[in-house]
Amino acid sequence: MDKRNIIIIGSGPAGLTAAIYAARASLAPLLFAGVEFGGQLMTTTEIENFPGFPEGIQGPDLMMNMVKQAERFGTEIRFENVTAVDFGEMQNFKVYVGDTEYTAKSVIVATGARPRLLDLPSEHRLWGKGVTSCATCDGPFYRGKVVAVIGGGDSAMEEATFLTRFASKVYLIHRRDEFRASKIMVQKVKANAKIEIILHAEVLEILGEPKVSGVKLLNKQIQTESTLNLDGVFMAIGHIPVTNYLVNKAGQPQLEILPSGYIHTRDQIYASVEGVFVAGDVQDSHFRQAITAAGTGAMTALEAEKWLVENS
C-alpha cells in the first residue's frame, strides 16, 4: 500500500493552508476535505477581515481559491469523510474512509468546530442572512442596527460587549434567570447602557425573509409570547469541535480530548501522539478566526516537514 508523507484531515482555512505549505515542500499531501468541504466559511457571505482582499470576499470564493491553490502545488484532495483513524504505530498512521485504509508517516488534524445551534428551521434558513455566530467577524456589518446575542456564558458577554461598538442596541437573551458567565463579565454587561438583558426567554423562531427582521420569544416564567424587532442574531451558546472520527475501529480514542471537547495540544499544534499535528478551531476555543486557523495550518505543515526529516 502506498504510504503518504502527510495526510491532512479537514478543508477549512487550517487544512488548506497546511496543504499549500506541505505541497510546496514537495511532500505530496493527501487531503480529506469531507463531503461538505470548506468549513464554516462556506456558509459565510462577506468576509472583510482576511488580509489581501481590500474590498472583501465571499466565504465560498475564498475557500475555492484555497482549494485551487493547494491543488496547483500538488495536493491530492478527496471529497470524502474520514470515519476512523489508528495512530497506534508511529510513522504508520492509518486513516479510514469506511473500509478503505490509507497510511501516512504524519497526520494533520484540522476538522474545525461547528457552532452550537438552537436547531430551529428558521435559524438554518437565515444563516448568513442575519444569523451568525461570530461578532468579531460580522459585527461591523451592523453599524447603527439592533441585534441580539443568544447565550449566558462568558462568550455571550464578550460578544454583546463587542457588538456595542457598532450596534445602536444589543439585546442579551438568556433562557435562565442566572448567567453561567463570571461575575465580572456580567457586571460589565449590566453597566453598558447599550445592552438590555432579557431573562427567562426561549427563542421560538427567528423571523424574516429574505433576511432577519426579529425573533419570537417565549417568557418561560409567565408563559407569554412576544416579538422583538432585530436586524441580526448572534448565537453564543458554544461550539462543538469535530472529533467524532478520532477513534480506531474498536472505538478507542486515538488522541487526548479535553473535557471541553477540544483536542489537547502542546504549543498549539502538537497532539498527544508524536507525528500527529493539530490546526485550527478543533483545538482553538479562544480566537476562532479564519486567519488564526490558517496560521496554525502553516505552523503544522512546517513542523510536520521538520519532523519527517528528523525521523526519516
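- Val278 places none of its side-chain heavy atoms less than 4.5 Å from the side chain of Ile108.
- Between Ile20 and Phe73, the closest side-chain pair of non-hydrogen atoms falls below 4.5 Å.
- Scored by the ring pair (Phe, Tyr, Trp, His ring centres under 6.0 Å) test, Phe166 finds Phe162 as partners (sequence neighbours excluded).
- Between the OG1 atom of Thr103 and the NZ atom of Lys3 there is a distance of 6.0 Å, given to the nearest 0.5 Å.
- Hydrophobic clustering of Ile, Leu, Val, Met, Phe, Trp and Tyr side chains at less than 4.5 Å, counting indirect connections, keeps Leu207 apart from Ile150.
- Cluster annotation: Ile57 and Leu16 are assigned to the same hydrophobic cluster (Ile/Leu/Val/Met/Phe/Trp/Tyr, side-chain heavy-atom contacts under 4.5 Å, transitive).
- To the nearest 0.5 angstrom, Ile6 atom CD1 is 11.0 Å from Leu31 atom CG.
- Linking ILVMFWY residues whenever their side-chain heavy atoms come closer than 4.5 Å, directly or via other members, places Ile291 and Met64 in the same cluster.
- Counting heavy atoms from C-beta on, the side chains of Leu258 and Ile263 never come closer than 4.5 Å.
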message: side-chain contact (heavy atoms from CB on, under 4.5 Å) for Gln223 and Leu218? Distances and angles first, verdict last.
response: CA-CA 6 Å; Gln223 294 298 305; Leu218 171 67; 4.2 Å; yes
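- No cation-pi contact links Arg24 to Tyr21, judged by a cut-off of 6.0 Å to the six-membered ring centre and 45° from its axis.
- Asp281 contributes no side-chain N or O that, together with a main-chain N or O of Asp284, makes up a donor-acceptor pair within less than 3.5 Å.
- Residue pairs meeting the salt bridge (charged side-chain N to carboxylate O under 4.0 Å, His left out) criterion with at least one partner in residues 121-138, sequence neighbours excluded, are Arg125-Glu209.
- A donor-acceptor pair is defined here as one N or O able to donate and one able to accept, closer than 3.5 Å; no such pair exists between the side chain of Asp231 and the backbone of Val147.
- Applying the disulfide bond (SG atoms under 2.5 Å apart) rule to pairs touching residues 34-141 yields Cys134-Cys137, sequence neighbours excluded.
- With hydrogens and angles ignored, the 3.5 Å screen pairs a side-chain donor or acceptor of Gln283 with a backbone N or O of Gly280.
- When atom types are taken as modelled, the side chain of Asp154 and the backbone of Ser182 share a donor-acceptor pair closer than 3.5 angstrom.
- Applying the salt bridge (charged side-chain N to carboxylate O under 4.0 Å, His left out) test to residues at least two apart or on different chains, the pairs with a partner in residues 69-82 are Arg4-Glu76, Glu76-Arg78.
- At distances below 3.5 Å, at least one donor-acceptor pair connects side-chain atoms of Ser168 with backbone N or O atoms of Lys145.
- Residues satisfying the salt bridge (Lys or Arg N to Asp or Glu O under 4.0 Å) test with Glu310, not counting sequence neighbours, are none.
- Remark: His286 NE2 to Ser155 OG distance equals 9.5 Å, nearest 0.5 Å.
- You'll find the side chain of Val107 stays beyond 4.5 Å of the side chain of Val85, heavy atoms only.
- Nearest heavy-atom pair, Asn311 versus Glu274, reported as atom, atom and distance to 0.1 Å: OD1-OE2, 4.1 Å.
- When every heavy atom of Asp119 is checked against every heavy atom of His124, the shortest pair comes out as OD1-NE2, 3.2 Å.
- Using a 4.5 Å heavy-atom cutoff, the side chains of Ile47 and Asn49 are in contact.
- Closest of all the heavy-atom pairs between Ala113 and Gln40 is O-NE2, 2.5 Å.
- Between atom CG of residue Leu62 and atom CE of residue Met42 there is a gap of 10.0 Å, rounded to the nearest 0.5 Å.
- If you take CD on Glu159 and OG1 on Thr132, they are separated by 8.5 Å, rounding to the nearest 0.5 Å.
- With rounding to the nearest 0.5 angstrom, the OG1 atom of Thr296 is 12.5 Å from the CD atom of Glu303.
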query: After noting the C-alpha distance and the side-chain angles of Leu217 and Leu204, does the key distance pass the side-chain contact (heavy atoms from CB on, under 4.5 Å) rule?
result: CA-CA 6 Å; Leu217 301 176; Leu204 297 178; over 6 Å; no
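- Taking all atoms of both residues into account, the shortest heavy-atom contact from Ala181 to Gly153 is CB-C, 3.5 Å.
- Looking at every heavy atom in both residues, Ala201 comes nearest to Ile173 through CB-CG2, 3.7 Å.
- Looking at residues two or more places apart in sequence or on another chain, you find a ring pair (Phe, Tyr, Trp, His ring centres under 6.0 Å) between Phe37 and Phe79.
- Considering only residues two or more places apart in sequence or on other chains, Phe179 meets the ring pair (Phe, Tyr, Trp, His ring centres under 6.0 Å) condition with His174.
- Val109 is not connected to Ile240 by any chain of hydrophobic side-chain contacts under 4.5 Å among Ile, Leu, Val, Met, Phe, Trp and Tyr, and they are in different clusters.
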field: Criterion side chain to side chain donor-acceptor pair (under 3.5 Å) on Gln58 and Asp61, from CA distance to verdict
entry: CA-CA 5 Å; Gln58 297 290 306; Asp61 292 340; over 6 Å; no
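- Side-chain atoms of Thr243 and Tyr262 include no donor-acceptor pair closer than 3.5 Å.
- Looking at Ser133, its side chain never comes within 3.5 Å of a backbone N or O of Met235 through a donor-acceptor pair.
- Contacts classified as salt bridge (charged side-chain N to carboxylate O under 4.0 Å, His left out) and involving residues 189-203 (residues at least two apart or in different chains) are given here: Lys169-Glu196.
- Hydrophobic clustering keeps Leu228 apart from Leu172 (ILVMFWY residues linked when any side-chain heavy atoms are closer than 4.5 Å, directly or through intermediates).
- Within the 4.5 Å cutoff, the side chain of Ser11 has no heavy atoms near those of the Val67 side chain.
- With hydrogens and angles disregarded, no donor-acceptor distance shorter than 3.5 Å links the side chain of Glu305 to the backbone of Leu302.
- Sorted by first and then second residue, the disulfide bond (SG atoms under 2.5 Å apart) pairs involving residues 86-122 (not counting sequence neighbours) form an empty list.
- Partners of Ala250 under the side-chain contact (heavy atoms from CB on, under 4.5 Å) rule, at least two apart in sequence or in another chain, are Asn248, Gln252.
- At least one donor-acceptor pair under 3.5 Å links the side chain of Thr17 to the backbone N or O of Pro13.
- Between the side chain of Thr300 and the backbone N or O of Gly297, at least one donor-acceptor pair lies under 3.5 Å.
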field: Stepwise side-chain contact (heavy atoms from CB on, under 4.5 Å) test for Tyr245 and Ile9
entry: CA-CA 10 Å; Tyr245 62 93; Ile9 309 173; 4.0 Å; yes
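- A distance-only check finds a donor-acceptor pair linking the side chain of Gln254 to the backbone of Phe87 [under 3.5 Å].
- You'll find the side chain of Val149 reaches within 4.5 Å of the side chain of Val170, heavy atoms only.
- Applying the disulfide bond (SG atoms under 2.5 Å apart) test to pairs two or more places apart or on separate chains, none has a residue in residues 42-107.
- Counting heavy-atom neighbours within 6.0 Å of Asp99 CG, excluding the residue itself, gives a total of 12 or less.
- Shown here for Glu256 and Ser272, the closest heavy-atom pair between the two residues is N-OG, 3.0 Å.
- Contact check for Tyr102 versus Lys94: no side-chain heavy atoms found under the 4.5 Å cut-off.
- Thr83 meets the side-chain contact (heavy atoms from CB on, under 4.5 Å) test with Tyr96; sequence neighbours excluded.
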